[in-house]
Visitor: 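For reference, the structure I am asking about is given below.
Reminder, nothing fancy here: chain letters follow the sequence lines and each chain counts from 1.
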Number of protein chains: 2
Amino acid sequence: MLRLSKKTEYALMAVKYMAVNQNGKCITVKEIADTYGISFQLLAKLMQQLVRNGIIESQQGTKGGYRLNKSADSILLLDIINAIEENYGLTDCMESEIPENGCARANCCTIRDPLAKVQNKINRIFSETTIGQIL
Amino acid sequence: MLRLSKKTEYALMAVKYMAVNQNGKCITVKEIADTYGISFQLLAKLMQQLVRNGIIESQQGTKGGYRLNKSADSILLLDIINAIEENYGLTDCMESEIPENGCARANCCTIRDPLAKVQNKINRIFSETTIGQIL
DNA sequence: TTAAATACGACTATTTAAGTCTTATATTTA
DNA sequence: TAAATATAAGACTTAAATAGTCGTATTTAA
Ligand code: SF4
Ligand code: SF4
């Protein structure tokens, strides 16, 4: 299917929203979830993942929320994919988390290396695209 | 997850196998399935899809099998993806089968157009990669 | 006419994605 | 300091897509 997960779409929308609408102030999960009709609980957890990956920072408590941790131009599409997509990669054997294989067919596989080259090209596209570009 | 389906991997292996091993003669599903440990029934249906998409041709009956319908260099990775991946596209709104949307959030979505550009770049990669290149 | 192959639709099982529930913690403000 | 508002986080459930199976029909060479 080669599809971006909905989680990644939501995270992208949220980061773009923050880039456009934050002006020093914090932005709450509720505000973003309401704007796009995203489940609050689901988006909340995505925001937490973005914090853990250093893309945004949080402020707890009343008047709390989130804001970008760096400029929109320095946030890559690949950063968000890596933060949110669980097993990113064209094939099982290319998951960034597990450099070693995990595929029973690895010994007889004739397409692994060619696909790895394709994967590199795709990664390049994702790292050439920044949030700044999609504003 | 952004993963190629196993079906597409199998189809790629099969097409590459045919490119390497056919010399005029037909190649059976069984031969390919046994070589790579792929389910015979599953691969058989993939081969049929490749026939319908004009990538290979079939010969029924005893001594039957499949052979490539064109040169390895003129078979694009994108051809095989389009033949096998059911809903190819980065997002629900980009499925090649349904040019029109199918997404409830389309009205408020701020990432559709930027992602469409990324999709085009990915399509370019897939159409620049041929079976000839991965031999 | 038999054996070896493809053709194809319906079905099942497994895995992944998507969303929900619950409880805990931090922080501002009345 | 209590109440209100926000994030933090793990367990759980549901829905959808992927992967694989089964059964039967058809084609064709020997
Ligand atoms: S080794 Fe080959 S079959 Fe296994 S996951 Fe990688 S590409 Fe696919
Ligand atoms: S319109 Fe936006 S939310 Fe809907 S599928 Fe396309 S990118 Fe995703």
Visitor: Just say parallel, tilted or perpendicular for the rings of A:Phe126 and A:Tyr88, cut-offs at 30° and 60°.
Guide: tilted
Visitor: Tell me whether A:Leu4 shares a hydrophobic cluster with A:Met1, the cluster being built from Ile, Leu, Val, Met, Phe, Trp, Tyr side chains joined at under 4.5 Å.
Guide: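 Different clusters.
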Visitor: How long is the line joining CG of A:Leu43 and P of D:dA8, in whole Å?
Guide: 12 Å
Visitor: Tell me the interatomic distance from A:Ile84, atom CD1, to C:dA17, atom C1', rounded to whole angstroms.
Guide: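 Those two atoms, CD1 and C1', are 13 Å apart.
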Visitor: Please report, rounded to the nearest Å, how far the C1' atom of C:dT6 is from the CD atom of B:Gln60.
Guide: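 Result: 5 Å.
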Visitor: Are any of A:Tyr88's side-chain N or O atoms less than 4.0 Å away from OP1 or OP2 of C:dT16?
Guide: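 No, because none of the side-chain N or O atoms of A:Tyr88 sits under 4.0 Å from OP1 or OP2 of C:dT16.
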Visitor: Starting at the 5' end of nucleotides 16-24 of chain D, put B wherever the base has a protein heavy atom under 4.0 Å, S where only the sugar-phosphate does, and a dash everywhere else.
Guide: -SSSBBBB-
Visitor: Using whole Å, report how far OH of A:Tyr66 lies from C1' of D:dA6.
Guide: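 Spelled out: OH on A:Tyr66 to C1' on D:dA6 is 9 Å.
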Visitor: Once you round it to whole Å, what is the distance between C1' of C:dG19 and CD of A:Glu9?
Guide: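 For the pair A:Glu9 CD and C:dG19 C1', the rounded distance is 15 Å.
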Visitor: Is B:Thr62 side chain donor-acceptor paired with the C:dA5 base, going by distance under 3.5 Å alone?
Guide: no
Visitor: Considering the options B:Gln48, B:Gln59, B:Glu31, which one meets the side-chain contact (heavy atoms from CB on, under 4.5 Å) requirement together with B:Tyr66?
Guide: B:Gln48
Visitor: Quick one, B:Leu12 and A:Leu115 - any side-chain contact, counting heavy atoms below 4.5 Å?
Guide: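 The answer is yes; the side chains approach within 4.5 Å.
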Visitor: Phosphate oxygens OP1/OP2 of C:dA7: is one of them under 4.0 Å from a side-chain N or O of B:Ser58?
Guide: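 Checking C:dA7 against B:Ser58, a side-chain N or O does come within under 4.0 Å of OP1 or OP2.
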Visitor: Applying a 4.0 Å non-hydrogen cut-off, can you work out what B:Val51 is touching in the nucleic acid: base, sugar-phosphate, or nothing?
Guide: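 No contact.
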Visitor: Using a cut-off of 6.0 Å, state whether more than 12 heavy atoms not belonging to B:Lys117 lie near its atom NZ.
Guide: no
Visitor: Without decimals, in angstroms, what is the distance between A:Gln49 CD and D:dT7 P?
Guide: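 The answer, rounded to whole Å, is 16 Å.
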Visitor: Name the pairing partner of D:dA30, where a pair is Watson-Crick or G-U wobble with both distances under 3.5 Å, or state none.
Guide: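 Across any shown strand, D:dA30 pairs with C:dT1.
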Visitor: Would you classify A:Arg3 as touching base, sugar-phosphate or nothing, given that sugar-phosphate means primed atoms plus P, OP1 and OP2, and contacts are heavy atoms under 4.0 Å?
Guide: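 Answer is nothing: A:Arg3 stays at 4.0 Å or more from every strand.
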Visitor: For C:dT28 and A:Gln59 - does any side-chain N or O of the residue sit under 4.0 Å from the phosphate oxygens OP1/OP2?
Guide: yes
Visitor: Is there side-chain contact between B:Met18 and B:Ile32, with heavy atoms separated by less than 4.5 Å?
Guide: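 A side-chain contact exists here, since the closest heavy-atom pair is under 4.5 Å.
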Visitor: Roughly how many Å is it from CD in B:Gln48 to P in D:dT26, rounded to a whole number?
Guide: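 After rounding, the reported distance stands at 15 Å.
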Visitor: Give the table of side-chain donor-acceptor pairs shorter than 3.5 Å for residues 49-57 of chain B, with sequence neighbours excluded, one pair per line with atom names and distance.
Guide:
unit_1, atom_1, unit_2, atom_2, d
B:Gln49, NE2, B:Ala83, O, 3.0
B:Asn53, ND2, B:Gln49, O, 2.7

Visitor: Write down the distance between CD (B:Glu57) and C1' (C:dA5), rounded to a whole number of angstrom.
Guide: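 B:Glu57 atom CD is separated from C:dA5 atom C1' by 16 Å.
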